[in-house]
Amino acid sequence: MKHSKTGEPLVVVSGAKKSFGHFEALKDVSLSVERGEVLCVIGPSGSGKSTLLRCINLLERIEGGAIFIDGEMIGYRRSADKLYPLQDAELARQRRKTAMVFQRFNLFPHLTAAENIAVGPIRVLNENPKAAREHALALLDSVGLAAKRDAYPAELSGGQQQRVAIARALAMRPQLILFDEPTSALDPELVGDVLKVIRDLAASGMTMIVVTHELGFAREVGHRVAFMDHGRIVEIGDARAVLENPAQQRTREFIAAVRS
Amino acid sequence: MQKTSYDISGLTIVTPRNYGRIFAVLCICLALAGIAHAFAVGQIEWSYVAEFLTFPAILTGLVNTVVMAILAMVVGIALGVIFAIMRLSDNLVLRNVAIGYIWFFRAVPALLQLLIWFNLALIFPNFGIPGLFSVKTVSVMTPFLAALLGLGIQQGAFTAEVVRAGLLSVDRGQYEAAQSIGMTRMMMLRYIIMPQAMRVIVPPIGNEFIGMVKLTSLASVIQFSEILYSAQTVYYANNRVIELLIVSAIWYVIVVTILSLIQIWIERHFDRGIRPINHKK
């Protein structure tokens, strides 16, 4: 496996807690992801999988514990024994380390496929518009959509939109890509193309956390699999071991239910 | 019994006659003809209407009306965008300032606001920064400035609500996607959210713009020489009251028609990607 170019993990989640009102979405979640590793997260809905991703991407702010990306604590600044919540500009800077691919794609409907990909590099990274557009076209080509450069999202199928969304994430040159059920909103015959793109990314050594219901995909592409339930990580370990020979009863039940 | 024929490709489809529609058109034509006849034989000297349509004082009034409507809308839209963003801010202070502004300036009638601005000198004879500069309020608060402030600031309160509705109409996922590629709040609003919100914002703003063109006529009470004030000045001199009012009405209709056309053009622009069928090149 290609993990650990350096000894330090890229992502460290340490005792993360998050509640929405009385609902505890994350209860003391800890895990780490090595550089180049693909971690797949499985579990029933409401188990906290998506919330974990959203906290890592700072769309939500954790209320306890800490998350480190590339050695930097995110969401807060530490001064002596106090934590200060970071402001908008700092949060935006930290978010650039990660990119997110959403279940519902969330492409910008008023921009073409190429513009969707280039808008981040141009506006956020201040890249030269021409260079950014060329990079966008190269990325579109790499996800098999070179011909759709001038198409608006409404003119693309779900699978095509999701591949554009992956290219948009890649254009920001993130260290980590977070996938939030990337194939759950797709028609079954379109799932394969999207999974292929993610598989290629994994082979290229990109660090990824993938929340998914595709157990076959998790077994094949994931280096490790984490099973979450009720806001906790029930079991985490080698993908094959967790999926084929789970140690916990709850994991066994879930896998059996999904497979049936 | 005859066998049913399933092949009907050779038959012609007969357009149904809409007798009701024909009757309605006849009624409307009759009514219009009646109105036209009434005005033609009424106590109106149409030659005066034609003559004063391009009378210099009227044209100056027309220009003042258009300029005031545009400037007041610029002020209104600028304030509206700023206060709508403040209204949706996480910052409690900004949010409440916006709520207060919208509450107050929607509550006080526009005419009353114009009178207060114009008579500001009664409250503050001078204004400035103590020790630095000071000017007489009367000399600064011209009818033009009073009208601009009065109309623009009250328009801002209404526009803020229109813009807020537009911002709320954009899907949450769009905000999250913009954040996830590292955009700050301002970048997100400018490049991602506002262009999409414009689809919802433009039609009511067009409406408000048209309202503003007509609202400028209120400024006649503070001696701002917009078109109605100019028409009044002329008919005080020549007594052709109805003729000059009709001249004003004609110009309002022309200006509003042009604005409506511009609105259609702008709406088409912001439909990009939403209705791709309109954009076959």
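Order of the sequence lines sets the chain letters (A, B, ...), proteins ahead of strands, with each chain counted from 1. For the numbers below, each heavy atom of this structure counts, side chains included, while hydrogens, waters and symmetry mates do not.
A salt bridge links A:K18 with A:E63: the distance from a Lys NZ or Arg NE/NH1/NH2 to an Asp or Glu carboxylate oxygen falls below 4.0 Å.
Of the atoms belonging to A:R104, not a single heavy atom falls under 4.5 Å from chain B. Using a 4.5 Å cut-off between heavy atoms, A:T112 makes no contact with chain B at all. Looking at A:M172, only its side chain comes within 4.5 Å of chain B, counting heavy atoms on both sides. For A:L107, the part sitting under 4.5 Å from any heavy atom of chain B is the backbone (N, CA, C, O) and nothing else. For B:M187, the part sitting under 4.5 Å from any heavy atom of chain A is the side chain, from C-beta outward, and nothing else.
The number of heavy atoms from other shown groups lying within 6.0 Å of NZ (A:K97) is above 12. Few gaps surround CZ on A:R96; more than 12 heavy atoms of other groups in view lie less than 6.0 Å from it. Under a cut-off of 6.0 angstrom, the local environment of CZ in B:R190 is sparse, with at most 12 non-hydrogen atoms contributed by other residues, nucleotides or ligands.
In this structure, B:R164 fails the cation-pi test against B:F83, since its NZ or CZ atom is not both closer than 6.0 Å to the six-membered ring centre and inside 45 degrees of the ring normal. In this structure, A:R168 is positioned above the aromatic face of A:F108, its NZ or CZ under 6.0 Å from the six-membered ring centre and within 45° of the axis.
Here B:I192 is the residue among B:T184, B:D90, B:I192 with the most heavy-atom pairs under 4.5 Å with chain A. Interface check for chain A: of the options B:R185, B:Q174, B:M183, the most heavy-atom pairs under 4.5 Å are formed by B:Q174.
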